[in-house]
Amino acid sequence: MGNSLHLAEDDETLKDADRDNPTHKERTRAKDADLQVYGIQDVAQELGLTLRTLRFYEKEGLIAPQRVGSTRAYSRREIGRIQLILRGKRLGFSIKEIKEFLDLYDADPEHKEQMERLIARIRERLVDLKTQRSALDLTIDELTTIEVEAMAKLQR
């Protein structure tokens, strides 16, 4: 997990007055939350997924939960990755594309390449969706016309 499990601030460097600072308390609480781990059952229930889905994401290399013996332990970071996977799926991206985005995120600290590829994929997806919407609009118009004609024939 790298830096997510390491507390970056050294409390010895903080002044006593700063330790009572609400901002410091919030940061410490957030770091403590990052250290928490969750079981596969909890994650599946929280995100509305099956255990099989979580295992699939792991097999595909999208997530890498820690292991405590044979038990999977999910950090907040892994849960965040799962939420990104779900968002990508909801937006119509393939597992392969989602994996590419996640891999780029990990590899590029500036996230520039990831953003460039994401923009390109979004533009492609928008073209596809607009094409589908046009086809749906034509189908709806045609069905509406047929419905009106059929109703008119029945009323004669």
**Prompt:** Side-chain donor-acceptor pair under 3.5 Å between Ser134 and Thr131, yes or no?
**Reply:** no
In Å and rounded to the nearest 0.5 Å, what is the [atom1] to [atom2] distance from [X] to [Y]?
X: Lys130; Y: Asp128; atom1: NZ; atom2: CG; result: 11.5 Å
X: Gln132; Y: Thr139; atom1: CD; atom2: OG1; result: 11.5 Å
X: Lys96; Y: Leu62; atom1: NZ; atom2: CG; result: 13.5 Å
X: Tyr74; Y: Arg81; atom1: OH; atom2: CZ; result: 12.5 Å
X: Thr53; Y: Leu47; atom1: OG1; atom2: CG; result: 10.5 Å
X: Lys89; Y: Ile95; atom1: NZ; atom2: CD1; result: 5.5 Å

**Message:** Please determine whether side chain to side chain contact (heavy atoms under 4.5 Å, CB included) holds for the pair Leu86 and Tyr57, giving the CA-CA distance in whole Å, both sets of side-chain angles, and the decisive distance to 0.1 Å.
**Reply:** CA-CA 11 Å; Leu86 296 174; Tyr57 292 160; 3.7 Å; yes
**Asked** Is it the case that more than 12 heavy atoms not belonging to Gln41 sit under 6.0 Å from its CD atom?
**Response** no
**Prompt:** Counting heavy atoms not belonging to Gln45, are there more than 12 under 6.0 Å from its CD?
**Reply:** no
**Asked** Does any pair with a residue in residues 115-135 pass ring pair (Phe, Tyr, Trp, His ring centres under 6.0 Å), and if so which ones, sequence neighbours excluded?
**Response** none
**Request:** Output, in order, the C-alpha distance, side-chain angles, deciding distance and verdict of side chain to side chain contact (heavy atoms under 4.5 Å, CB included) for Ile98 and Leu84.
**Result:** CA-CA 8 Å; Ile98 294 167; Leu84 289 173; over 6 Å; no
**Asked** Is a side-chain donor or acceptor of Glu78 paired with a backbone partner of Ala64 at a separation under 3.5 angstrom?
**Response** yes
**Prompt:** Arg125 side chain to Leu91 main-chain N or O, any donor-acceptor pair under 3.5 Å?
**Reply:** yes
Closest heavy-atom contact between [X] and [Y]?
X: Ala73; Y: Val37; value: CB-CB, 4.0 Å
X: Leu54; Y: Ile63; value: O-CD1, 3.7 Å
X: Thr50; Y: Ala44; value: C-CB, 4.4 Å
X: Ile85; Y: Leu102; value: CG1-CD1, 3.8 Å

**Prompt:** Tell me, do Arg123 and Ile119 make a side-chain contact under 4.5 Å, heavy atoms counted?
**Reply:** yes
**Request:** Could you state whether Ile122 and Leu129 fall into the same hydrophobic cluster, counting links through intermediate Ile, Leu, Val, Met, Phe, Trp or Tyr residues with side-chain heavy atoms under 4.5 angstrom apart?
**Result:** no
**Item:** Cluster overlap Leu136 with Leu126, hydrophobic side-chain contacts below 4.5 Å
**Value:** no
**Complete:** Contacts satisfying salt bridge (Lys or Arg N to Asp or Glu O under 4.0 Å) that involve residues 38-59 (not counting sequence neighbours) are Glu58-Arg67, Glu58-Arg72
**Prompt:** Can Lys99 and Glu60 be counted as an ion pair, charged N to O under 4.0 angstrom?
**Reply:** no
